Structure formats: structure tokens, C-alpha cells
Amino acid sequence: VGMSLERYGPLGLGPEDRFSQFYDITFDSSMFDLYVSWAFGACLCSPSAADWINPNKFIVARQLTVIDIVPSTGHHMNRGNGWRPGRFPLLRLCRFGGEALPAELARQLAEAAPNAVIDNVYGPTECTVDAAYYRWDPARSMDEAVHGVVPIGVAGPRVGLRVVGADLGEVPVGAEGELLISGPQVTPGYWRNPERTAQSFIRLPGSDEVHYRTGDLVRRVPEGQPIPYLGRMDYQIKISGVRIELGEVEHALRAAAGTDMAVAVGWPPTPSGASGIVAFVALPGADGAEIRRALKARLPQVMVPREVQVIDEMPLNVNGK
């Protein structure tokens, strides 16, 4: 809560504001909705089951000024021009979190809520909701996105971020590695699971401070610059010895299909990686073969999915991811 008060206090949030509660309370991101709204003395607005049919209408009808959503929820809200320019003039703060944020989705919400600050917030549950922040800037953010994904940003107050290689040594500026998080907000470990705790919560040579291994692949940048998100460490595959970033395939897939609801997976798996890639696009009526042909003009042959499956909806978990 203290970190959010430091970040959002300058926006002048107070008793006149109205926060959304679009998360189930079993999802850690709901802590922002609950405790930060109360800390500012704001009103917390919880949608009913009927309201969930059209959350855009709920935002307008309840005159919300602050919303916090996962990008997958944003995709559904933006269907059928749901986020048309200027639709949400009362919004002052819009937060995305919980999963990678496509830059195009952030751009569209920024146009729909022209008076709002757009934040991408990053923080695994093991690190108490928020660990890093990135503020959307229409003038530069599209260029700062890697593979079309908004950066995770810079560390929040009292948060330590370090990018390390396989030997857990810090990589040089410009190199890729795993993101580690340290600071007082890092949890002591997993309940009654010492083996997994020992794997994920480590002490680096010469330091007594505990670092959490996020499993997220990032690039180390100069101090103060936003850290780009490159994908999960386990989201890299090898096909015939060639290392493939599935995030790069998905970036091309989104552009070719004209939708952010697209996923690429290595399939079928092999002892050394995968023998190919299969893609899924949630775009009813689209032509998978045509999308695949478009990908051939964007990607090396080894990265082109062997098939593109068109589905009605992308399956989501209970938190909307």
C-alpha cells in the first residue's frame, strides 16, 4: 500500500475517486483495489454478475476514475470498438498487470481514456503485488516495446532488480538474463514446501539478501531506464538446434492476424526442444492458412508455425489471464 501511495499520491487521488474491483479477492492484484482505494478514502465499486456482461458500460455508469485489469480482460472489453477514442473521459488512472501487456492494447486504452495515466505494473505474487512500474508515453512507448510488449519498467521504492545469467552472476548492460527481485516485500517462501523455496529464493555469493528468481527473461539496461520484458525463461525452444523466442513469433502473429489474442507453442515436444510450432488465434472467421502465408513474409522459415488454428475464444484462467 505504501508503495502505491508514493506513486499515485501525486495524482491527487482522494474521496472523490471511484475505484473498480474487477478482480476476485483470491487474486493478489485485488489488494490494490481494496487497500489502496480505502487508503485514499475513495469509493470501491464491485460489479455484479450482470455488470460483467458489459464492463465498459459499468465504467461509464458508475463514473469510475480508477481501473485495474489484466490485459486479457482488456482484449475482451475492446472487442467491437469497445474502447473507441474518448469513451472514458472520467478515468484518471488505468493499471494493467498480471501478464505481458501488448503495446497496441495500451495505446488504444490511452485514446479511450485521454485524461488518464496508463501504468503497466509488474510483480509476482511472491513479491507482494507491485515490484516495478512503467508509465505509458504516446511519444516513446511504442518504440520502447520489444516484440510489441510494453516494458516492465523501473523498480518501485525499496525494490532491488538484478539481471543474472545461468551462473547467477550479473550480466553486462545490453545482455539478456533472468530477473531477480529483492527487498523487504519479498515473501519468506512457500508454505510447507522447503524444496521449492530453496529453488526460488536464493542468496547470491557475498550477500545475505534473499533474491526471488522470477523465471522472466529481460534485458539489462542502464540504471533508470525501463527494463524490457522478453518472455519466460521456459518460453524459449530449440528447433533443429536453433533457439527460438516464441515471443518474437507471437509478435509477428499478432501483426499478421490483426489481433492480440494469439499464442504460439512449441509442438510436438522433443528431448532437445520441439520439432515445430503451432499457433492459435482467437479470431472467428479468419483464414489460418492465409495468416500462415503472411507469416512467411515476416519470419525465417524455421520460425513459421506449421499450422495456425483459428478458435472462437482464448481459454483464460479464473483471474482472467
Side-chain angles (χ1 to χ4, degrees), residues 1-79 82-83 87-102 105-106 108-110 112-136 150 156 185 187 313-321:
V1 174
M3 193 180 298
S4 292
L5 293 179
E6 287 183 45
R7 183 166 182 82
Y8 300 122
L11 298 183
L13 299 180
E16 297 79 17
D17 284 286
R18 300 171 65 82
F19 281 55
S20 69
Q21 189 190 8
F22 286 143
Y23 296 132
D24 189 277
I25 60 172
T26 58
F27 185 23
D28 65 331
S29 293
S30 68
M31 297 300 100
F32 173 86
D33 301 341
L34 296 170
Y35 295 114
V36 176
S37 65
W38 295 337
F40 280 119
C43 177
L44 183 64
C45 302
S46 301
S48 66
D51 291 326
W52 262 116
I53 296 174
N54 191 338
N56 293 322
K57 183 178 178 181
F58 179 79
I59 292 172
V60 175
R62 295 300 181 93
Q63 299 183 314
L64 300 188
T65 60
V66 179
I67 62 170
D68 194 5
I69 58 175
V70 295
S72 293
T73 297
H75 291 304
H76 286 282
M77 294 170 68
N78 195 26
R79 285 181 173 178
W83 284 357
R87 182 171 188 183
F88 308 120
L90 297 183
L91 283 178
R92 303 176 59 200
L93 171 63
C94 305
R95 287 174 28 117
F96 286 103
E99 58 188 359
L101 171 61
L105 186 67
Q108 290 175 315
L109 182 56
N115 301 313
V117 165
I118 310 293
D119 259 4
N120 184 39
V121 298
Y122 169 86
T125 302
E126 292 86 347
C127 300
T128 322
V129 190
D130 294 349
Y133 301 89
Y134 179 84
R135 184 149 294 173
W136 180 261
V150 173
Q185 82 290 350
T187 186
E313 291 187 357
M314 199 67 71
L316 306 176
N317 68 15
V318 294
N319 295 323
K321 295 185 183 181

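Bear in mind that the values here come from a model prediction, so they are computed numbers and not experimental data.
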Under a 4.5 Å cut-off applied to non-hydrogen side-chain atoms, are L109 and W136 in contact?
-> no
Between P47 and W52 the two heavy atoms that sit nearest each other are CG-NE1, 3.6 Å
Residue set satisfying ring-ring contact (aromatic ring centres under 6.0 Å, His included) with Y23, at least two apart, ordered chain then number -> F27
Flag the pair F19 / L34 as yes when at least one side-chain heavy-atom distance between them is below 4.5 Å, and no otherwise.
-> no
Taking atom types as modelled, is there a side-chain donor on W83 or N56 under 3.5 Å from an acceptor on the other?
-> yes
The reported gap from CD1 in I69 to CE in M77 (rounded to nearest 0.5 angstrom) is 5.0 Å
Does D68 offer a backbone N or O that forms a donor-acceptor pair with the side chain of S20 under 3.5 Å?
-> yes
May I ask you to decide whether R7 forms a salt bridge with D130, counting only side-chain N to carboxylate O separations under 4.0 Å?
-> no
Roughly how far, to the nearest 0.5 Å, is the OG atom of S29 from the CZ atom of F22?
-> 14.0 Å
Under 3.5 Å, is there a donor-acceptor pair linking the side chains of S30 and D33?
-> no
Would you please name every residue forming a salt bridge (charged side-chain N to carboxylate O under 4.0 Å, His left out) with D17, sequence neighbours left out?
-> R92
Separation between OG of S72 and CD of E313, rounded to the nearest 0.5 Å | 11.5 Å
For the atom pair CE (M3) and CD (Q185), what is the distance rounded to the nearest 0.5 Å?
-> 5.0 Å
Say whether, by atom type as modelled, one donor and one acceptor occur between the side chain of N317 and the main chain of N319 under 3.5 angstrom.
-> yes
Closest non-hydrogen atom pair between F32 and S4, with its separation | CD1-OG, 3.7 Å
Salt bridge (charged side-chain N to carboxylate O under 4.0 Å, His left out) partners of E99, counting only residues at least two apart = none
Rounded to the nearest 0.5 Å, how far apart are SG of C94 and CG of L64?
-> 10.0 Å
Any side-chain heavy-atom pair of R18 and L90 under 4.5 Å = no
Nearest heavy-atom pair of D28 and G123: which atoms, and what distance?
-> OD2-O, 4.4 Å
Minimum heavy-atom distance G320-V70, with the two atoms named | O-CG2, 3.4 Å
Check: D119 and Y8 side chains under 4.5 Å, non-hydrogen atoms | yes
Shortest non-hydrogen contact from P10 toward L5 | CD-O, 4.3 Å
Once you round to the nearest 0.5 Å, how far does SG of C45 lie from CD of Q63?
-> 9.5 Å
Indicate the atoms forming the closest heavy-atom contact of P102 with P71, along with that distance.
-> CD-CB, 4.2 Å
